[in-house]
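Each remark here refers to the structure printed beneath this line.
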Amino acid sequence: MSIGATMRSTSPNHMEDVELGSSSSANKGTARTRPMMKLKDSNIVELQPLVDSSSKIAKGDGESSSLAKSIIASTMYSGCSIGMVLVNKSLASSYNHLIEGDLNILLVVFQAVAAVICVEFSKFMGWVEYPNFNTRTAWLWAPVNLFFCGMLFTGMASMQHNSVPMVTVFKNITNIMTTIGDCILYGAGIELLVMAAFGIMLLGAVFAARNDADVTQTGLFWMLGNCLCTSGYVLYLKYATKTVKLSKFGMVFYNNVLCTSFLLPVTMFNGELSMFLNTSALHTVDYAVKNWFAGFVGFFLNFASLNCVAQTGPTTYAMIGSLNKIPIAIFGYLIFDNDISPETWRFICISLCGGILYTVAKLRASRRKTRS
């Protein structure tokens, strides 16, 4: 608005008014007309810097506002992601001993259903607005969920055939893949400090896994598949948020409806649904309340994820996901009495260094944009 206002103040119409006012006060002779003409010219020269400075101020305000939105979006995503992991960990630690195996995919379905109910209730109350279900829109959004399902399945398979430290190493490789993909597909610049930050975190993960670095061909296959699905999910999510004409809450709706449609048949096929139905110890109010709460957190996590990718980009989204392992490990130690090995503490310290370096790189890039 300040730019537009400044431009209007220096428009030809306004300049014509200044000239008319000057000439009307100097209509008695040419001797006084010449100084007024010089005054008019000098005013034009003096007005020009005001336009430039106002533009710079407005541009600086825009950059500051963009930085603030990015920080808020990143904080929301990080908080919701950590909360979701802790809630699911609480469910697993409370009830997994009652069954043989796990209900990981069925829990995702429960939480997706709860998120759909939350967003539909919000729409019914008039708090949010998005169009009714449309098949064409669902087709456009479906690749997001296909990548998500692929990420879920390959992640579970990789955990079965690889150690946790090796999975962490490959997760950091995924972040580098995502950064390169962001550069190739969307023209994002690659900062030297950003790559250095990812390199530090990768070296930290390799150092932590040096005593447990056994990799089988099957494990390597599933880990590479997980890297591709995870990177594809984040990169396509950015494309979908830009091209699919939906509000963020509409995206949350389609994301969870399609997630339920894809994963519910899987739970029937792998036996998770029948295991749940046949285990009466899980049919409690406490279990239902925890799942509903997890779905409620998932509702906000969906929104926070979409907003974070839209505001910051795939690279920052991937970095936040990696850094979230630090507070999750600490909260797990404090709440669930999980042991933290010396290697994990070293990885946490090195990851913190990488995160600080990444933050410095982004702040420097933001300042350069403001100055230019």
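Values in this document were obtained by computation on a predicted structure and should not be read as measured data. Atom set for the values below is all heavy atoms of this structure, side chains included, hydrogens, waters and symmetry mates excluded.
Under the 30°/60° scheme for interplanar angles, the aromatic rings of Y239 and Y236 are found to be tilted. A tilted orientation is assigned to the rings of Y233 and F148, their planes being inclined by 30° to 60°.
Other residues, nucleotides and ligands contribute over 12 non-hydrogen atoms within 6.0 Å of the CZ atom of F133. Atom OH of Y186 has more than 12 heavy atoms from other residues, nucleotides or ligands within 6.0 Å. More than 12 non-hydrogen atoms from other residues, nucleotides or ligands lie less than 6.0 angstrom from CZ of F262. The environment of W222 atom CH2 is sparse: at most 12 non-hydrogen atoms of other residues, nucleotides or ligands sit within 6.0 angstrom.
The CG atom of L202 sits 10.0 Å away from atom CZ of F170, with the distance rounded to the nearest 0.5 Å. Expressed to the nearest 0.5 Å, how far CG of L152 lies from CZ of F147 amounts to 15.0 Å. Considering CG of N104 and CE of M156, their distance stands at 4.0 Å, rounded to 0.5 Å. Separation of atoms CD1 (I173) and CG (N226) is listed at 11.5 Å; rounding is to 0.5 Å. The line from CG of L106 to CG of L103 is 5.5 Å long, rounded to the nearest 0.5 Å. For the atom pair D182 CG and Y317 OH, the distance stands at 13.5 Å (nearest 0.5 Å).
Remark: the T316 side chain and the Y358 side chain contain an N/O donor-acceptor pair separated by less than 3.5 Å. The closest side-chain donor-acceptor pair between K248 and N302, if any, does not fall under 3.5 angstrom. A side-chain donor-acceptor contact under 3.5 Å links S231 and T178. No hydrogens or angles considered: nothing links the side chains of Q111 and N256 as a donor-acceptor pair under 3.5 Å.
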Check: Under the side-chain contact (heavy atoms from CB on, under 4.5 Å) criterion, do F331 and V85 qualify, and how do the steps go?
Finding: CA-CA 10 Å; F331 279 121; V85 171; over 6 Å; no
Note to self: side-chain contact (heavy atoms from CB on, under 4.5 Å), that's the test. Do I117 and W292 meet it? Break it down for me.
What the structure shows: CA-CA 10 Å; I117 293 174; W292 276 108; 3.1 Å; yes
Note to self: Set out, in order, the CA-CA distance, both residues' side-chain angles and the distance that settles side-chain contact (heavy atoms from CB on, under 4.5 Å) for Y130 and E120, then state yes or no.
What the structure shows: CA-CA 10 Å; Y130 57 88; E120 281 288 279; 2.3 Å; yes
Next item on the list: Any chance you could lay out the side-chain contact (heavy atoms from CB on, under 4.5 Å) test for T315 and F198, step after step, and finish with the verdict?
Entry: CA-CA 10 Å; T315 303; F198 281 126; 3.7 Å; yes
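Side-chain atoms of K69 and T312, non-hydrogen and from C-beta on, never get closer than 4.5 Å to each other. By the 4.5 Å heavy-atom criterion applied to side chains, N175 and M319 are not counted as neighbours. Put simply, the side chain of L91 reaches to within 4.5 Å of the side chain of N88, judged on heavy atoms. Put simply, the side chain of N324 reaches to within 4.5 Å of the side chain of I320, judged on heavy atoms. A 4.5 Å side-chain heavy-atom check between K171 and T230 finds at least one atom pair inside the cut-off. Within the 4.5 Å cutoff, the side chain of P131 has no heavy atoms near those of the T137 side chain. L228 has its side chain within reach of M177: a pair of non-hydrogen atoms, C-beta onward, lies under 4.5 Å apart. The side-chain heavy atoms of S247 and V128, taken from C-beta on, include no pair separated by under 4.5 Å.
Side-chain atoms of S78 do not come within 3.5 Å of backbone N or O of S74 as any donor-acceptor pair. With hydrogens and angles ignored, the 3.5 Å screen pairs a side-chain donor or acceptor of S158 with a backbone N or O of G155. With T279 contributing its side chain and L282 its backbone, the two residues share no donor-acceptor pair below 3.5 Å. Proximity of a side-chain donor or acceptor of S122 to a complementary backbone N or O of C118 within less than 3.5 Å is detected. At least one donor-acceptor pair closer than 3.5 Å links the side chain of T241 to the backbone N or O of K238. Between the H283 side chain and the A288 main chain, no donor and acceptor come within less than 3.5 Å of each other.
There is a path of hydrophobic side-chain contacts, each under 4.5 Å, that joins M195 to I184. Hydrophobic clustering of Ile, Leu, Val, Met, Phe, Trp and Tyr side chains at less than 4.5 Å, counting indirect connections, keeps V194 apart from V360. V289 and V116 end up in different hydrophobic clusters when Ile, Leu, Val, Met, Phe, Trp and Tyr side chains are linked at under 4.5 Å. Note: the hydrophobic cluster containing Y254 also contains V244 (ILVMFWY, side chain heavy atoms under 4.5 Å, direct or indirect links). The hydrophobic clustering, which links ILVMFWY residues whose side-chain heavy atoms are closer than 4.5 Å, places I350 and I330 apart.
Minimum interatomic distance between L98 and A281 (heavy atoms only, all atoms of both residues): CD1-CB, 3.8 Å. A pairwise comparison of heavy atoms in S81 and L301 identifies N-CD1, 3.6 Å as the closest pair. Of all heavy-atom pairs between G83 and V297, the closest is C-CG1, 4.2 Å. Nearest heavy atoms, A114 versus G295: CB-CA, 3.5 Å. Contact detail for A240 and V144: the closest heavy-atom pair is CB-CG2, 3.8 Å. Across all non-hydrogen atoms, the minimal contact from L246 to M251 is O-CE, 3.5 Å.
A centroid separation of less than 6.0 Å is found between the aromatic rings of F300 and F296.
Cation-pi geometry between K123 and F249 is not met: the NZ or CZ atom fails to fall both under 6.0 Å from the ring centre and inside 45° of the normal.
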